[in-house]
Amino acid sequence: MTLAELLRGGVHEVAPALVGWTLLVDGVGGRIVEVEAYAQDDPASHAFGGETVRNATMFGPPGHLYVYRSYGLHWCANVVCEQPGRAAGVLLRALEPTHGVDRMRARRGLTDVRLLCAGPGRLTQALALTGADDGADLSRPPFRLAPPATPAVVECTPRIGISRAAERPWRYVEAGSSFSSRRRRAA
DNA sequence: CAGTGGATGCTCT
DNA sequence: GAGCATCCACTGT
């Protein structure tokens, strides 16, 4: 499957299908193990109230990066999706580090690989993504999005850290991954 | 391990 | 002026 083929679907198809893909920025990154879908007519989405200066990228072409500042300190990155007539996106929440691990360690000031990209703010710090990357085209360098050899096994859970529409099960996690933002609960 | 609170800046009402 | 699509350090078990 190519990136263009992936992006042909709506956000609820793209989000689970994106799990298992490898995301690299300047040769640094890893396997996507956790994402969340933010849909049209979704009270939790930045695009819910219509287009503004901040969310303009979500109303642009699919396959671009929507980056915004979170809680004044962190950056969060989304893949813009095509929803019929409306803006939608997939929040990148966690990667399993595979490429440039030492560069990510240096950027994060950490040695534990499981914590390098385990959360949306951590992921952007490890990949050095900032507001300067808002609107960037993911199909062009320095970005690279490559599909997995075989599709990932994906679990579906409620989204994290939101107060509106929190019950919608639009968080997609690779089953059994130890690199997601929340450790698997003890059995 | 679980729970709490502070840092910090920008957007929208 | 409120409210965040968060993270980390710190507390008490």
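Model, not experiment: these values are computed from the prediction. All chains are named by letter (A, B, ...) in the order of the sequence lines, taking the proteins before the strands, and each is independently numbered beginning at 1.
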### Task
Using a cut-off of 6.0 Å, state whether more than 12 heavy atoms not belonging to Arg105(A) lie near its atom CZ.
yes
### Query
Looking at Leu115(A), Leu116(A), Leu127(A), Leu110(A), which one forms a side chain to side chain contact (heavy atoms under 4.5 Å, CB included) with Arg122(A)?
Leu115(A)
What are the atom names and distances for every N/O pair under 3.5 Å that joins the protein to nucleotides 11-13 of chain B?
| residue | atom | partner | partner atom | Å |
| --- | --- | --- | --- | --- |
| dC12(B) | OP1 | Thr52(A) | OG1 | 2.1 |

#### Entry: Counterpart residues, ring pair (Phe, Tyr, Trp, His ring centres under 6.0 Å), relative to Tyr68(A) (two or more places apart)
His46(A), Tyr66(A)
#### Entry: Between dA5(C) and dG3(B) - P atom distance, rounded Å
22 Å
### Message
So, OP1 or OP2 of dG3(C): does either fall under 4.0 Å of a side-chain N or O from Ser163(A)?
### Response
no
Please report, to 0.1 Å, the donor-acceptor pairs under 3.5 Å made by any side chain of residues 14-32 of chain A, with sequence neighbours excluded.
| residue | atom | partner | partner atom | Å |
| --- | --- | --- | --- | --- |
| Trp21(A) | NE1 | Ala17(A) | O | 3.1 |
| Arg31(A) | NE | Glu174(A) | OE1 | 3.0 |
| Arg31(A) | NH1 | Gly20(A) | O | 3.4 |
| Arg31(A) | NH2 | Glu174(A) | OE2 | 2.8 |

### Sidechain-backbone polar pair: Glu51(A) side chain, Phe59(A) backbone, donor-acceptor under 3.5 Å
no
Can you check nucleotides 6-10 of chain C for protein contacts, nitrogen or oxygen pairs under 3.5 Å, and list what you find?
| residue | atom | partner | partner atom | Å |
| --- | --- | --- | --- | --- |
| dT6(C) | OP2 | Gly161(A) | O | 3.0 |
| dT6(C) | O4' | Ser70(A) | OG | 3.3 |
| dT6(C) | O3' | Gly121(A) | N | 3.4 |
| dT6(C) | O2 | His74(A) | NE2 | 2.8 |
| dC7(C) | OP1 | Pro120(A) | N | 3.2 |
| dC7(C) | OP1 | Gly121(A) | N | 2.8 |
| dC7(C) | OP1 | Arg122(A) | N | 3.1 |
| dC7(C) | O4' | His74(A) | NE2 | 3.0 |
| dC8(C) | OP1 | Arg108(A) | NH1 | 3.0 |
| dC8(C) | OP1 | Arg108(A) | NH2 | 3.3 |
| dC8(C) | OP2 | Arg122(A) | NE | 2.8 |
| dC8(C) | OP2 | Arg122(A) | NH2 | 2.7 |

Please table the atom pairs, donor to acceptor, closer than 3.5 Å between any side-chain atom in residues 89-101 of chain A and protein atoms at least two apart or in another chain.
| residue | atom | partner | partner atom | Å |
| --- | --- | --- | --- | --- |
| Arg93(A) | NE | Glu34(A) | OE2 | 2.8 |
| Arg93(A) | NH2 | Ser181(A) | OG | 3.3 |

### Message
Treating Thr124(A) as the side-chain partner and Gly121(A) as the backbone partner, does any N or O pair qualify as donor plus acceptor under 3.5 Å?
### Response
yes
### Message
For Arg107(A) and Gln125(A): C-alpha separation, side-chain torsions, deciding distance, then whether side chain to side chain donor-acceptor pair (under 3.5 Å) applies.
### Response
CA-CA 7 Å; Arg107(A) 288 167 179 164; Gln125(A) 187 183 18; over 6 Å; no
## Note on the structure
Here the helical stems involving DNA chain C, each at least 3 consecutive Watson-Crick or G-U pairs closer than 3.5 Å, sorted by first residue number, are B:1-7 with C:6-12, B:9-12 with C:1-4
